[in-house]
Number of protein chains: 4
Amino acid sequence: MITVAVSGAHGRMGSTVVQAVSAANDLELVAELDHEDEISTDTVRGADVLVDFTVPAAAQTNVLAGLAAGCHVVVGTTGWTPEAIDSVRQAAVDSGRNVIIAPNFALSAVLAMHFAALAAPYFESAEVIELHHPNKLDAPSGTAQATAKKIAEVRGSAPMPDATEHDPQGTRGGLIDGVRVHALRISGLTAHEEILLGNPGELLTIRTDSFDRASFMPGVLLAIRKIPQLQPLTYGLDQVMDLPGR
Amino acid sequence: MITVAVSGAHGRMGSTVVQAVSAANDLELVAELDHEDEISTDTVRGADVLVDFTVPAAAQTNVLAGLAAGCHVVVGTTGWTPEAIDSVRQAAVDSGRNVIIAPNFALSAVLAMHFAALAAPYFESAEVIELHHPNKLDAPSGTAQATAKKIAEVRGSAPMPDATEHDPQGTRGGLIDGVRVHALRISGLTAHEEILLGNPGELLTIRTDSFDRASFMPGVLLAIRKIPQLQPLTYGLDQVMDLPGR
Amino acid sequence: MITVAVSGAHGRMGSTVVQAVSAANDLELVAELDHEDEISTDTVRGADVLVDFTVPAAAQTNVLAGLAAGCHVVVGTTGWTPEAIDSVRQAAVDSGRNVIIAPNFALSAVLAMHFAALAAPYFESAEVIELHHPNKLDAPSGTAQATAKKIAEVRGSAPMPDATEHDPQGTRGGLIDGVRVHALRISGLTAHEEILLGNPGELLTIRTDSFDRASFMPGVLLAIRKIPQLQPLTYGLDQVMDLPGR
Amino acid sequence: MITVAVSGAHGRMGSTVVQAVSAANDLELVAELDHEDEISTDTVRGADVLVDFTVPAAAQTNVLAGLAAGCHVVVGTTGWTPEAIDSVRQAAVDSGRNVIIAPNFALSAVLAMHFAALAAPYFESAEVIELHHPNKLDAPSGTAQATAKKIAEVRGSAPMPDATEHDPQGTRGGLIDGVRVHALRISGLTAHEEILLGNPGELLTIRTDSFDRASFMPGVLLAIRKIPQLQPLTYGLDQVMDLPGR
């Protein structure tokens, strides 16, 4: 039985984590911390693992406090600088506990990106479509950007076939490292990505749909279960999933 | 039994029409004209219907010659001016024969556009994706443009929800009459269109795939069979299909 | 301003209706009735329209009570016999008020079925895939059954091409009036249907996704707004939407 | 420059290989053998690689003849018994040349199956849809069967969630090693497969489309280019692609 503390337990993500941990037979929820509560040996109540889904600004402080309180720490916030990651790694080594930082906990999104990178060297054409709810401020999504960059990295420099001469309205989408990315904003959708890879006569499509926050829970639970066996610092859920690399 | 003559019978579309007419039990192929052959009472050999898939430049001349030779005429070329259409209509009235001009003979493409127009008034969001082979020179496709315009026409002026503030690479696609259109060019594809219509909690997707020229044949055969009962001039396969209109 | 009363206002659907009506500028919520509350002139507080999403067993009683209380009535329950519908129609005529009964209020689902019926006569092949969450007890869904029946009705008796000779596991799905229906049960999904229509060289796909109960609200609001102008009894949201028929 | 001989060069697949080899800058076509021609040192004209797409009955004889003529051999036929494979392996070892046997040369189909196997352990639900032209005699396709078996193998024994109690028409598809498989036969389609993997709140979809024989050429060319560096016997294009395994 792995014991778990959740910080930010009353936030939207935190409360979903509380539910998911409570429902898992092999995990025991021992502490729910509000975002205002201090993280300390007292408050984490001996938890093996602290899960932190508070705000990016507090993430580094929370991780260090979690390590100091004797926990492995799973963090879901983004915006980490290389320096912050280094400082967390050092603290993890010193404490004998491990940290997982992941920008995206949706297994299907992580797998889609990984598969796109494995497949891209074999195809002439690759384009990315991302579809989100219309309240999103940025286009394209961070995941689509990361996907395009990964495809570009593995493809090498061969240009994709494209005879387009006239595109007065800019319908061919945006170029990210040479890969076309298209962003749709549609009422009713949540977060979706589709990667199309084509050769003469064939098409490979990889699509990931996140319908709600529950989509992050299998990834969070996986991280909780695996963290004791990992390195002091692991960045990215693909590393936790131990996907065969390229 | 309807008798049929095909002009441009050795071109790519024409030879496909020849095959399709020959394979149909209720149609009889009586004449195959090369694009250099004159269209006359002699050469059409008494055909009830002349099908013309030559080049736009020759289309009007061919239609008038076909009418003069006593045929109903089905034409698949594009680029007709209103004046040319009027002149053909008058010639049709005078000859007692009928003409069908259709920019697109793929039933699924015609239906997709028609359904998009019927559905659009009921949805907050509507965007169009078109996907083609990478040898296409223009983006977006004529069909995608026509689809976006039709959607815009029936939606009225209510803006679609879209909170996008940052889109440095232009990934949100091109605007056609207020409707976002996205064009993909992928090896292996032929001609495809997808229309997404969204409301809170629901999505309607209408997709049409044309895999090869055979996709135009059901539309051509339908036109051949229906032309005797139609008006002197019919523009658009949707009119031939007698789809319930809006 | 149309005034609205909601019965079953604390149930799952009812409370969603309460929210949707409250959020609409042209509608005013004047009464929320619990499923135990009596529906009467007193309790509906002069509402123009009563919306009832209680249980099938109570539906007829509630409609009659709503008419007696002077309301038009919009009902979302299923399981109506022809006799019950007739008796409601008579009561509506007598009261000078109108009733809308709809088994499905999702606009996209109603449109998908309607479009499938318009398109099916033009295609050789038609099959239906429905995808739902794994807690569903019945396969296929009522909507998929209704879709298959509608397709069968308009196609006539021409058999679909299918050379299958060996299918030991029964992978070709179930036959409903000669139309193949395939049911998937997948974690993460809610309620989805895809209709595929094929001819040589072309495919038309119509897909509807319902992600949550919010998907029924545009249909409910449409019914509330249109009911004063309709017949005494309207069955099916497609009738409310005034879709061009066949 | 790798020199290539093609046997069955006037068959449907063979002639497509002839075209693809001729169009590749780094390959030289030195011999086209009819299916009646003998394969010998004389007829292969010193080719480094022999590509054989004749009939299963002739495949083993052709491979042995190709090895004897001093060629590496790429074979696309199916129906190999373990004994036949062993005998070919031994002949390859003796001759110092290599053999690749692949049941499917479509890169996208091979990748789709490989990715499904990598992803399946992370998902509660997995089902397979395969879609083909209506002239196919067997359901499901060999690729869909192989995909289902691979998914079953990596999933372990945990049952998928499925509350279905009533399915009178058999719409839930066929069970292959515990994985539901659905087969569609639709005019206009060629060979397509879609694998759906679901967890609460998320879906991963992997889809492969083969539109025509050209889809096998990138796989064939890859095999020709890699065969000199491989083992005496390689079975399956995934082995040639050096995909990271599980």
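The chains referred to below are lettered A, B, ... by the order of the sequence lines, with proteins before strands, and numbering in each begins at 1. Quick note: numbers below take in every heavy atom, side chains included, and nothing from hydrogens, waters or symmetry partners.
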Sort out for me which of [options] touches chain C most, counting heavy-atom pairs under 4.5 Å.
options	answer
D:G174, D:A183, D:G188	D:A183
D:A126, D:G201, D:G173, D:S187	D:S187
D:R180, D:K136, D:E202	D:K136

task = Write out, in numerical order, the residues from residues 159-172 of chain D with a heavy atom short of 4.5 Å from a heavy atom in chain C.
result =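 Checking residues 159-172 of chain D against chain C gives D:P161, D:D162, D:A163, D:T164, D:E165, D:H166, D:D167, D:P168, D:Q169, D:G170, D:T171, D:R172.
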
key: Residues in residues 7-14 of chain D near chain C [non-hydrogen atoms, under 4.5 Å]   =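 Residues of residues 7-14 of chain D touching chain C at under 4.5 Å: none.
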
ask   = Counting a contact as any heavy-atom pair under 4.5 Å apart, which residues of residues 137-146 of chain C contact chain D?
value =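 Listed by number, the contacting residues are C:L137, C:D138, C:A139, C:P140.
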
inquiry  = Does any part of the side chain of D:H182, heavy atoms only, come nearer than 4.5 Å to the side chain of C:I129, both counted from C-beta?
reply    =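 No - every pair of side-chain heavy atoms lies 4.5 Å or more apart.
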
message = Between C:L203 and chain D, with a heavy-atom cut-off of 4.5 Å, which part of the residue counts as in contact: side chain, backbone, both or neither?
response =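 Only the side chain of C:L203 comes within 4.5 Å of chain D.
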
task = Using the test side-chain contact (heavy atoms from CB on, under 4.5 Å), find all partners of C:H192 that sit at least two apart in sequence or belong to another chain.
result =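 side-chain contact (heavy atoms from CB on, under 4.5 Å) check on C:H192 returns C:L131, C:L189, C:T190, C:R207, C:D209, C:F211.
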
